[in-house]
Each structure stands twice: as structure tokens, then as C-alpha cells.
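Basis for what follows: all heavy atoms, side chains included, without hydrogens, waters or symmetry-related copies. Just so you know, ligand 1 is whichever comes first in the structure, and atom 1 is the first atom listed for that ligand.
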Amino acid sequence: MKVAIYSLKKYERVYLEKANRSKHDFLFLEEALSPQTAELARGCTAVSIFTNDDAGKEALQQLAKLNIKSVATRAAGYDNIDLNEADDLYMHVANVPEYSPYAIAEHTIAMILAMNRKIVQADRQVKAYNFALDELIGFDLHGKTVGIVGTGKIGSIVAKILHGFGCKLLGYDVTENQELISKYGMEYISLGKLCKLSDIITLHAPLNANTHYLINKENIALMKKGVMIVNTGRGGLVNTVDALQALKEGKIGYLGLDVYEKEKGLFFYDHGADIPQDDLFARLLTFKNVLVTGHQAFLTENALTNIADTTIYNLDCFEKGERSIHELTDKKSIQTTS
Ligand code: NAI
């Protein structure tokens, strides 16, 4: 089966080719899927996309016109895919729900530690032969209260690691994880209370209509002065304008972002030679207490292997007319490709 692989990054190719074992015929594209680039997949039976591709209504309709009936996203999150439209188009959509929750959880911890212990600044100072410690004071994580928003696969691993540090754990989720309560002392409370009581707030909920701008000026106002906020979930969980204002007022003491609400077209590319266009993002980068990584929390060898293996599995299922266990659409019956 011919498959257009959108948004291919050099580092992924070897993992995809290894998992594929020459079964499918890949058309590698650096372009992201959009209504304008859907045409590039002409002649293919399926497409594979990544987090910042636009698989909205229009792009899916364009793919359907090309008789493309399968979208395999190489990501866990699928807020960029119009699933209702896919259903209406009898299109199969599958994701990689669990490629390595450890990768994202561990990156979250890396961000917390790096911000707290000022690792980036320390490295810069030492390389400039400045060994003064005045600017590098951190705090013990032991005994701190951490609010975890979204205690699913990633959030629960973050909880377990932080339990090991001796943190008190607060959780906000639409469903409670009993194991976290009984084994790790997690206390589920409202978002408002979590904001009031937490020294550190880390976001691991999916982005949807209920979670868009979950962190905004109303609940930032409830937080402790100097709070640390970490977002390795999705950019849209945080109202960045509100967060910027709170940074200016010293209300937010540390902001760690692996995702950013306007990251599309910015993250995943080398813009080193371009004139910066996003003033909000440029302003964020002026703060010493803001740490940004460009959506790399998932980026471990283990995760890339699992992403490739599951994507090939999803494509294999579609080709065989079988339902993938990771299928996200459910209304229509399975149709084979041939
Ligand atoms: P999951 O589905 O296992 O957990 C999500 C949790 O959020 C669930 O417990 C769910 O009940 C909860 N939730 C849903 N709606 C909520 C609401 N309105 N309020 C509070 N909690 C709510 O997902 P997983 O694997 O833990 O991933 C979480 C998110 O992390 C993904 O949706 C994705 O956006 C993001 N992610 C980021 C990556 C990165 O590289 N930065 C990589 C992979 C995922």
C-alpha cells in the first residue's frame, strides 16, 4: 500500500523504515498536511501525520477526494484531527496512544529540576568562568505540593516519580485513579483548590473544548506567588497572554513549556535564519525564569521505536480490513482498501 508520510523528520525515517520492513511503499514528505498539501498524497491509499498537521474538515475532504481512507497519526494527541468529519467520510483514524509515557513524564521532571536548580543559567555561568552562586538558589522538592492536572498515563508516572522525591500530590481529573490515591497519597480536588494549594502545577490533560485555556488569568489569580507551571501537554491548555502578564507581575515564578499554543509552523523547524514573527513568543523568551523546549518531550529512542511500530501496525490493520485497537473513529464499518 502506498502511504504518504507527512511532516517527516530526518530522525524518524530510520525508525519507520525499520518497522515497515519494506511492506508499504512510503512517500516521504517534509510538508505538514493541510488543505493545500493534501494533493501531494495523490496516488496513495493512506497518510500518516504528526501533531502540527492540519487534519481538519477541509484537509480530510481533500484526502477523501483522492480516495484516501486512512489517517495514521504518529502521536498520542489527536486534537488536530476532525474525527466527526473522518467518521462521515468513512475514514479510519488511528493514533499511537502509548508510545512511551515515561519519555514525556521524565522530560517534565527534567524541566522542573532544570528550572528549580537553574541548570541552564549555571551551565552558561560556568562556561564563562563565573562560579558565583548568588543567582542559583533553588528549593528542595521534598515536602513541596505538586498539582497534577490530568492523571492519565503520563500524569500518573509524573505522580509516581514526584512521590519518590517526597512531594505531596494533588490531582485534578474527570476520573480518579485509585492506585494513585492508595499507593501514593494523591488527593483529588477541584482545579481552583489545586491552583490555590500547589507550589508546582503540571499539565497532562488532553486539549479539547473543556480544557482549552484551563490555565487563565482567573485561576492564575488563585495561585501562590512564585508558583511553577509546567506544560508538556498541549499549548492550548495555557492562555499565554495571561501567563505572560503573570510573569511580568512575578505571580508565576517559573514557566516551563514544551508546547506552545502557536507552535504550529514554528516548532520542529530550524528558523535560525528567519526574522522572528511571533512577538508573544519572543517576549516569553526574554524571561530568565521561562524554560522552553520545542515539543521534544516525546523524543527518546524508545518512543520513536514504539511510534514507528504502532503506526505500521495501524496501517497493516487498515490494509487487511481489520480494526486497529487504536482506531479513534467508530461509527462506520471497516472497508478494505483494494
Ligand atoms: P491519557 O488519556 O492517558 O490521560 C489524560 C488524562 O486527562 C485522563 O486521565 C483524562 O481523564 C484527563 N482529562 C480529560 N479531560 C479532562 C479535563 N477536562 N480536566 C481534567 N482532566 C481531564 O493521556 P496521556 O497519554 O497521559 O497524554 C496526555 C496528553 O499529553 C496528550 O493528550 C497529549 O496532548 C500530551 N502529549 C504531549 C507530548 C509531548 O511530546 N509534549 C507527547 C505525548 C502526549
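The shortest N or O to N or O distance between N208 and ligand 1 is not below 3.5 Å. The shortest N or O to N or O distance between D79 and ligand 1 is not below 3.5 Å. Geometrically, ligand 1 and Y99 share no nitrogen or oxygen pair separated by less than 3.5 Å. Geometrically, ligand 1 and G150 share no nitrogen or oxygen pair separated by less than 3.5 Å. Any N or O atom pair closer than 3.5 Å counts here, and K153 shares at least one such pair with ligand 1. Between V259 and ligand 1, a contact under 3.5 Å exists for no N or O pair.
In I154, the parts holding a heavy atom less than 4.0 Å from any atom of ligand 1 are both the side chain and the backbone. Counting heavy atoms closer than 4.0 Å to ligand 1, residue Q296 contributes nothing at all.
Among all protein heavy atoms, the one lying closest to atom 28 (C) of ligand 1 is H204 O, 3.3 Å. Of the protein's non-hydrogen atoms, D173 OD2, 3.5 Å is the one closest to atom 8 (C) of ligand 1. Given atom 34 (O) of ligand 1, the protein heavy atom at minimum distance is R234 CG, 3.1 Å. When only non-hydrogen protein atoms are considered, atom 4 (O) of ligand 1 lies nearest to G152 CA, 3.3 Å. Among protein heavy atoms, the minimum distance from atom 35 (C) of ligand 1 is reached at G233 O, 3.4 Å. Considering only non-hydrogen protein atoms, atom 19 (N) of ligand 1 sits nearest to Y172 CE2, 3.6 Å. If you check which protein heavy atom lies closest to atom 14 (C) of ligand 1, you get P206 CD, 3.5 Å. With hydrogens left out, the protein atom closest to atom 37 (C) of ligand 1 is T232 O, 3.2 Å, a heavy atom.
Contact between L207 and ligand 1 is absent, with no heavy atom of the residue lying under 4.0 Å from the ligand. At least one heavy atom of T211 sits closer than 4.0 Å to an atom of ligand 1. Note on ligand 1: P101 sits outside its first shell, no heavy atom being nearer than 4.0 Å.
Interface of D258 with ligand 1, defined as ligand atoms under 4.0 Å from a residue heavy atom, comprises 39 (C), 40 (O), 41 (N). Which parts of ligand 1 touch I104 is read off a 4.0 Å heavy-atom cut-off, strictly below it: atoms 38 (C), 42 (C), 43 (C). Residue-ligand proximity, T175 to ligand 1, at heavy-atom distances under 4.0 Å covers atoms 11 (O). Near H295, meaning under 4.0 Å from any of its heavy atoms, are these atoms of ligand 1: 39 (C), 40 (O), 41 (N).
Using modelled atom types, one side-chain atom of N231 and one backbone atom of R234 make a donor-acceptor pair closer than 3.5 Å. Side chain of S100 to main chain of A103: a donor-acceptor pair is present (N/O by atom type, distance under 3.5 Å, no hydrogens or angles). Checking side-chain atoms of D25 against main-chain N and O of K2 turns up no donor-acceptor pair under 3.5 Å. A donor-acceptor pair is defined here as one N or O able to donate and one able to accept, closer than 3.5 Å; no such pair exists between the side chain of D242 and the backbone of I220. No donor-acceptor distance shorter than 3.5 angstrom exists from the side chain of N219 to the backbone of G192, with no hydrogens or angles considered.
Pairs passing the salt bridge (charged side-chain N to carboxylate O under 4.0 Å, His left out) check and including a residue from residues 177-199, sequence neighbours excluded, read K160-E179, K168-E187, E179-K183, D199-K224.
For the 3.5 Å distance criterion, the side chains of T305 and N302 fail to qualify, holding no donor opposite an acceptor. Remark: the T232 side chain and the H107 side chain contain no N/O donor-acceptor pair separated by less than 3.5 Å. A donor and an acceptor atom, one from each side chain of E30 and Y6, are nowhere located under 3.5 Å apart. For the residue pair E263 / N52, a side-chain donor-acceptor distance below 3.5 Å is found, with atom types taken as modelled. T151 and D173 share a donor-acceptor pair across their side chains, judged by distance under 3.5 Å alone.
Contact of the F268 side chain with the K9 side chain is registered, since non-hydrogen atoms from C-beta on lie closer than 4.5 Å.
Residues forming a side-chain hydrogen bond (donor to acceptor under 3.5 Å, both in side chains) with E58 (at least two apart in sequence, or on another chain): none.
Classification of the F281-Y260 ring pair by plane angle, with boundaries at 30° and 60°, yields tilted.
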